[in-house]
2 protein chains.
Amino acid sequence: MKKQAKEHTDDSCKKARLAIQDTLDVVGGKWKLVLISILRNGKRKFNELSREAGISPRILSKELQELEINGLVRRNVCNTKPVTVEYELTTYSKSLSEVILSMHKWGLAHRRKIMRD
Amino acid sequence: MKKQAKEHTDDSCKKARLAIQDTLDVVGGKWKLVLISILRNGKRKFNELSREAGISPRILSKELQELEINGLVRRNVCNTKPVTVEYELTTYSKSLSEVILSMHKWGLAHRRKIMRD
DNA sequence: AATAGTAGTTACATAAATGATACTAACATG
DNA sequence: CATGTTAGTATCATTTATGTAACTACTATT
């Protein structure tokens, strides 16, 4: 088989699926992209996120931890009267732009298509 | 507010989230992209898909119906001795390439990053 | 008639995700 | 000391996703 050809071996396909699945794990689910999308408008405190997204503290806390582990969100504890915690997107989170943009575009186009049919 | 500026109103953000969520609905979950990925190598019969993906008939049937509803997969009943049914990707499914490619790329890069850290 | 193959479906069981509510810890204020 | 505020956590309930196994319908073959 030629070296430079796009290979479609079982193995390369499994690896591709794995990479795609990784992305879905990080960014999939009901809330991850909602939170990222809100944080694109700037830092938010825990309760602000909870209100704006309409998400209960339990889930919010879990989601934020996962986003932090994946380097997409930074958690910052502030020295305020009652302590507040700010969450903001990291520089690394910008690497998701292409994914988000393509999903956004496809979602819009698809909705139009489904309406037509 | 300027007409041509990128707007970040609450409303435009909600619509963006909706579009992204649409995409996740169509392509998210445990099996959709696995099936699409297998079908990229050509038509498959129901049992072939079941074996190759390691997915039970019940779920497979459901997933294929959803993919069909969304115009990504075509179901073709063949006039064979015991009736067989072939599933294949539609032309429309190619519109997903950008989404899939960007997810693939990000997934790979992210895995490398997480390893480093 | 009995057996087998293909494509499902049905009924049931379990697992995973999400939700609701109340609670704690820490600190400030009246 | 009682009250309020912020950021969570704990507990329990519900919903949604997925898995397993057996079963049906149709047809062909023996």
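Letters A, B, ... are given to chains in the order of the sequence lines, protein chains preceding strands, and every chain is numbered from 1.
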[X] has an atom [atom1]; how far is it from atom [atom2] of [N], in whole Å?
X     : N      : atom1 : atom2 : answer
B:I55 : C:dG8  : CD1   : P     : 13 Å
B:Q21 : C:dA17 : CD    : C1'   : 14 Å
B:L60 : C:dT6  : CG    : P     : 15 Å
B:L24 : C:dA17 : CG    : P     : 15 Å
B:K45 : C:dG5  : NZ    : C1'   : 12 Å
B:K81 : C:dT3  : NZ    : C1'   : 17 Å
A:I59 : C:dA20 : CD1   : C1'   : 10 Å

> Does B:V85 or A:G54 map to a spot on DNA chain C nearer the 5' end, using the closest nucleotide for each?
Replying inline: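 The residue whose closest nucleotide sits nearer the 5' end is B:V85.
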> More 5' along DNA chain C: A:G29 or B:Q65, using each one's nearest nucleotide?
Replying inline: B:Q65
>> Among residues at least two apart in sequence or on other chains, which ones pass side chain to side chain contact (heavy atoms under 4.5 Å, CB included) with A:L18?
In response: A:D22, B:R111
> What is the nucleic acid contact for B:S56, judged by heavy atoms within less than 4.0 Å: base, sugar-phosphate only, or nothing?
Replying inline: base
> Base, sugar-phosphate, or nothing: which does A:E86 touch, judged by heavy atoms less than 4.0 Å apart?
Replying inline: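 The answer is nothing, as A:E86 stays clear of every strand by at least 4.0 Å.
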> Under a 4.0 Å N-O cut-off, is there an ion pair linking B:R74 with B:E88?
Replying inline: yes
>> Quiz question: going by heavy-atom distance under 3.5 Å, is there a donor-acceptor pair between the base of C:dT10 and the side chain of B:R58?
In response: no
> Is the backbone N or O of B:E98 less than 3.5 Å from a side-chain atom of B:S102, with the two atoms forming a donor-acceptor pair by type?
Replying inline: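 Checked: pair present.
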> Within the distance-only criterion (no hydrogens, no angle test), does the side chain of A:S50 pair as donor or acceptor with the backbone N or O of A:S56 below 3.5 angstrom?
Replying inline: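 Answer holds: no.
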> Contact boundaries of DNA chain D with chain B (under 4.0 Å, heavy atoms), 5' to 3'?
Replying inline: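 Range of nucleotides within reach of chain B: D:dT18 to D:dA28.
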> Side chains of A:I100 and A:I36: does their closest heavy-atom pair fall under 4.5 Å?
Replying inline: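 Result yes, sub-4.5 Å side-chain heavy-atom pair found.
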> So does B:R51 get a side-chain nitrogen or oxygen closer than 4.0 Å to the phosphate oxygens (OP1/OP2) of C:dT6?
Replying inline: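 Looking at the OP1 and OP2 atoms of C:dT6, neither is under 4.0 Å from any side-chain N or O of B:R51.
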> Mapping B:V83 and A:Y87 onto DNA chain D by nearest heavy atom, which one lands closer to the 5' end?
Replying inline: A:Y87
> More than 12 non-hydrogen atoms from neighbouring residues, nucleotides or ligands closer than 6.0 Å to CD on A:E86, yes or no?
Replying inline: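 Yes - once you tally the heavy atoms of other residues, nucleotides and ligands closer than 6.0 Å, there are more than 12.
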> To the side chain of B:P82, which of C:dT18, C:dA7, C:dT6 is closest?
Replying inline: C:dT6
>> Ring of A:Y92, cation from B:K113 - is the NZ or CZ under 6.0 Å from the centre and inside 45° of the axis?
In response: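 Flagged: B:K113 positioned over aromatic ring of A:Y92.
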